[in-house]
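This report concerns only the one structure given below.
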2 protein chains.
Amino acid sequence: MIMKAKFEYTGIRVTDVQKSVDFYTKVLGMKILGRHKMEQTKGETVGLSSQDGGFVLELNHYDEGSPYSTEYTVGEGLDHLGFKVDDLDAALKEAQSSGYKTILEIKTDGSRYAYIEDPNGIWIELY
Amino acid sequence: MIMKAKFEYTGIRVTDVQKSVDFYTKVLGMKILGRHKMEQTKGETVGLSSQDGGFVLELNHYDEGSPYSTEYTVGEGLDHLGFKVDDLDAALKEAQSSGYKTILEIKTDGSRYAYIEDPNGIWIELY
């Protein structure tokens, strides 16, 4: 029997909650759904979604002393987070003006997309 | 001006496409939306979503010789992927029978959730 499971959110780990909240809300225009401290893990989570709803991005931070407060390597597990934009050039310009420059741009026959890095070095695809 | 961007998918990187496809389709019951080879990056992507639709998980693999085929460390960038299940005990039992044992279980006043690891060591939250 196959499990009935619904993919509902993606949790990334961040080293500085406020810096990441600023990036995802001010640069990518997401809104905060909730912000919670968790005693059990000595952690803090912030739920975010795009303005028109959709999928949830959860920021996870573990305070010093938490068993999960391990050294941070961004790693390859998360390849990138994909954000659809109406106007790629305008979006890249806005990101650039906030200090997030384009690190890679790819053009294929039918598509064009580009990447910026979030404050933790996580790749953000804009397409 | 704040960018109008919509969070549309999460791309994880996998070391063995077929192993990961098997895990996400056979253990977590997702369906394949598409599978593409990309000449430009010498990569392969597989789009997946839960049976009833919803958010897209993209598996990314880079063949040997691709500039993106770097050494794989799962890292902390991706904290976990969240999957909602109807019956947590049944889901954990099914995962266990497929060889994916529970690595952490957390109970709070109002909730209970648990984690298994995907073939690359990415934490999967079931709740």
Side-chain angles (χ1 to χ4, degrees), chain A residues 1-14 25-30 38-41 48-52 54-60 68 70-87 90-91 94-95 106-108 120-127, chain B residues 1-14 25-30 38-41 48-52 54-60 68 70-87 90-91 94-95 106-108 120-127:
Chain A
M1 204 185 100
I2 283 176
M3 199 188 295
K4 271 201 198 92
K6 191 167 181 201
F7 183 33
E8 293 236 316
Y9 74 93
T10 292
I12 62 171
R13 186 161 148 215
V14 303
T25 58
K26 292 183 186 165
V27 181
L28 293 183
M30 297 183 97
M38 291 174 63
E39 226 176 278
Q40 200 150 352
T41 58
L48 298 165
S49 79
S50 297
Q51 292 295 332
D52 49 357
F55 199 67
V56 171
L57 180 68
E58 184 188 82
L59 310 183
N60 293 267
Y68 306 105
T70 48
E71 211 181 316
Y72 189 97
T73 309
V74 66
E76 283 80 37
L78 181 56
D79 199 80
H80 58 279
L81 300 174
F83 287 80
K84 192 173 187 175
V85 295
D86 290 334
D87 181 335
E94 279 166 31
I106 295 185
K107 281 177 200 170
T108 63
N120 287 111
I122 290 170
W123 282 44
I124 305 293
E125 177 178 314
L126 301 174
Y127 66 100
Chain B
M1 205 187 99
I2 284 176
M3 199 188 295
K4 272 202 199 90
K6 190 165 183 203
F7 183 32
E8 292 237 316
Y9 75 93
T10 292
I12 61 171
R13 186 164 147 211
V14 303
T25 58
K26 293 184 186 164
V27 181
L28 293 183
M30 298 182 96
M38 291 174 64
E39 224 176 280
Q40 199 150 356
T41 58
L48 298 165
S49 80
S50 296
Q51 292 296 334
D52 51 356
F55 199 67
V56 171
L57 180 68
E58 184 188 82
L59 311 182
N60 293 267
Y68 305 106
T70 48
E71 211 182 317
Y72 190 96
T73 307
V74 64
E76 284 80 38
L78 181 56
D79 199 80
H80 58 278
L81 300 174
F83 287 79
K84 192 173 188 175
V85 295
D86 291 335
D87 182 336
E94 279 165 30
I106 294 185
K107 280 177 199 169
T108 64
N120 287 112
I122 290 170
W123 283 45
I124 304 295
E125 178 178 313
L126 301 175
Y127 69 99

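Below, chains carry the letters A, B, ... as their sequence lines are ordered, and counting in each starts from 1.
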Applying a strict 4.5 Å limit to non-hydrogen atoms, the region of N120(A) in contact with chain B is neither
Bottom line for A95(B): the part with an atom under 4.5 Å from chain A's heavy atoms is both
Per-residue tally against chain B (heavy atom, under 4.5 Å) across V85(A), N60(A), V56(A) peaks at N60(A)
dist Y127(A):OH -> K6(B):NZ (nearest 0.5 Å) comes out at 9.0 Å
Whatever's closer than 4.5 Å to a heavy atom in chain A on L126(B) counts as side chain
The interface call for T41(B) against chain A, heavy-atom contacts under 4.5 Å, is side chain
Per-residue tally against chain B (heavy atom, under 4.5 Å) across E58(A), K84(A), H80(A), E76(A) peaks at E76(A)
d(M38(B) CE, I106(A) CD1) to nearest 0.5 Å is 5.5 Å
Given I12(A), D79(A), L78(A), the one with more heavy-atom pairs under 4.5 angstrom with chain B than any other is D79(A)
Turns out that what part of E71(A) lies under 4.5 Å from chain B's heavy atoms comes down to backbone
Residue from V14(A), L57(A), I122(A) scoring the most non-hydrogen pairs under 4.5 Å with chain B is L57(A)
Sorted by chain and number, sequence neighbours left out, ring pair (Phe, Tyr, Trp, His ring centres under 6.0 Å) with F55(B) holds for F7(A), F55(A), F7(B)
So, the part of S49(A) with a heavy atom under 4.5 Å from chain B: the answer is neither
Of G75(B), G11(B), S50(B), the largest count of non-hydrogen pairs under 4.5 angstrom with chain A goes to G11(B)
